[in-house]
Number of protein chains: 2
Amino acid sequence: MTHSEENYLKAIFHIGKGGANEISTNAIAEQMETKPSSVTDMMKKLSEKNLVNYKKYKGVSLTSIGKSMALSIIRKHRLWEVFLVEKLDFSWDEVHDVAEQLEHIESEKLIDKLDKLLDYPKYDPHGDPIPDKNGNFKVIDKKLLSELSVNDKGICVGVKDSSSQFLKFLDKNKIALGDIIEVIDKEDFDGSFQLKINANSFNVSSQIASNLYVQITE
Amino acid sequence: MTHSEENYLKAIFHIGKGGANEISTNAIAEQMETKPSSVTDMMKKLSEKNLVNYKKYKGVSLTSIGKSMALSIIRKHRLWEVFLVEKLDFSWDEVHDVAEQLEHIESEKLIDKLDKLLDYPKYDPHGDPIPDKNGNFKVIDKKLLSELSVNDKGICVGVKDSSSQFLKFLDKNKIALGDIIEVIDKEDFDGSFQLKINANSFNVSSQIASNLYVQITE
DNA sequence: ATAAAGTTTTAGGTTTGTCTAAATTTAAAT
DNA sequence: ATTTAAATTTAGACAAACCTAAAACTTTAT
Ligand SMILES: [Mn+2]
Ligand SMILES: [Mn+2]
Ligand SMILES: [Mn+2]
Ligand SMILES: [Mn+2]
């Protein structure tokens, strides 16, 4: 498997959110920042290798082999992200680009030992689940903060947008995974939220609220 | 810089042992396990980028930029080898191939932090020196065990052959870096050595003796 | 000094992954 | 039901990194 092939499989998995949907050529091209014609070429090759189901003009889906390869790459990506944060003191907004490179390192032993060193983490620094060796992971029942109602209370468990920009914004405002969030009020006018985060009052825009995942506790 | 370009620079550095000698096309081809014609192509490209001095039929040498790039890759390779042994419990015969991949990861911050995590090691698991950020490293005054005379005594500080085969042989015979070695006798007949290693008697063939580096203490 | 042998380069070709432009198929709009 | 628009595929091209075979250069041996 080449780096490029791996990146395509990962892209298909992410667009389809792990399901078996038919993914369009254009969607893949956008995700990969490449041209649709390049995608078509690659889909033919991946189809030849039995990693995707491809029928002309009908989009693609991952085969079970393709899916497990995608999961293996995602596992590596997220484990490396944990390593960078936990062992090398990277901040959560700096890890993605390096992990994009590290995810392609081929060595089963390496990743097993890394998993052990990190004490078998279940989530990456952005709250995304880390598949185990067999590709299994728990899907935690989380909601976007923007979907909560007044008086709902929960724990901040993830981010939808994991751009450096957004993560730095959260840092600056001292919002972190694990924080307890309570919805005090919702403003109809602009969709903004009045929150209590770890006992401090906060007001966040609807844009922020729709990029934070919360696990409701009551 | 592509992986391939990096590997060529490293190969040239290794063949020339860090000096500024003119390296032949065939020597590079052999080191890289590729064909001379491929080497010529690459030398033209590296020359274009001012990483090597190249004149047709006259061989190549690294420019100062090329040399510092080679040293940077070697630094990364050896730091990763230390990481694999110290933090992930790899044995010294398993690290090279993985380090060949990891050495190409691009992130200055990553390598600085890794260096710190490992507490700024000066040598890799095979006794090879690790260049610092500026490409400087100490050349330790070591000799091949085969060059020692009877009654010479020293510390085992490195291996010349770092093949898995040889390293496993040393493991099996409980010979490790840091061991104290004394030459008790040399056998003219087959060039074999009678040694005392950490107080135990040993007999090693000339082939072994010419692949172990020793720092003489008396 | 010349021939033979060895080394290096050139010429032309392949594969991978990309691109643009044109053709084809599917979906949407009238 | 056509026409128009959008999505997708094909055709042809290109750069990177490799190859084989042939030509050119250098070194060695006679
Ligand atoms: Mn990431
Ligand atoms: Mn992540
Ligand atoms: Mn090595
Ligand atoms: Mn080494």
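Below, chains carry the letters A, B, ... as their sequence lines are ordered, and counting in each starts from 1. Worth saying up front: this structure is predicted, and the values here are computed from it rather than measured.
What separates CE of B:Met42 from C1' of D:dA15 is a distance of 12 Å, to the nearest Å. With rounding to whole Å, B:Asn7 atom CG is found 9 Å from D:dC18 atom P. Taking atom CG of residue A:Asp41 and atom P of nucleotide C:dT16, one finds them 12 Å apart after rounding to whole Å. As rounded to whole Å, 13 Å separates atom P of C:dT18 from atom NE2 of A:His3.
Nearest-nucleotide assignment on DNA chain C puts the 5′-proximal partner with B:Val39, out of B:Val39 and A:Lys35.
Salt-bridge annotation for A:Asp152 and A:Lys143: absent, with no side-chain N of the basic residue lying under 4.0 Å from a carboxylate O of the acidic one. Salt-bridge annotation for A:Lys10 and A:Glu103: present, with a side-chain N of the basic residue lying under 4.0 Å from a carboxylate O of the acidic one.
Contacts with DNA chain D (heavy atom under 4.0 Å) in residues 22-32 of chain B: none are found. Annotation: proximity of residues 49-58 of chain A to DNA chain C (heavy atom, distance under 4.0 Å) is found for A:Tyr57, numbered in ascending order.
Taking the six-membered ring for Trp, B:His77 and B:His96 have ring centres closer than 6.0 Å.
Checking the phosphate oxygens (OP1, OP2) of C:dC19, a side-chain nitrogen or oxygen of A:Thr34 falls inside 4.0 Å.
If you run side chain to side chain contact (heavy atoms under 4.5 Å, CB included) between B:Leu62 and each of B:Ile12, B:Ile23, B:Asn21, B:Asn53, only B:Ile12 comes through.
Residue A:Ser37 is in base contact, counting any heavy-atom pair closer than 4.0 Å across all strands shown.
Side-chain atoms of A:Thr63 come within 3.5 Å of backbone N or O of A:Gly66 as a donor-acceptor pair.
The side chain of A:Thr40 has D:dT8 as its nearest neighbour among C:dC19, D:dA16, D:dT8.
The aromatic rings of B:His3 and A:His3 stand perpendicular to each other, their planes meeting at an angle above 60°, with 30° marking the opposite boundary.
Within 6.0 Å of the NZ atom in A:Lys160, the count of heavy atoms belonging to other residues, nucleotides or ligands does not exceed 12.
Side-chain contact between A:Leu145 and A:Asn211 is absent, with no heavy-atom pair separated by less than 4.5 Å.
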*For A:Phe83 and B:Phe83, run ring-ring contact (aromatic ring centres under 6.0 Å, His included): C-alpha distance rounded to whole Å, both residues' side-chain angles, the deciding distance at 0.1 Å, then the answer.*
CA-CA 12 Å; A:Phe83 170 74; B:Phe83 170 75; 5.3 Å; yes
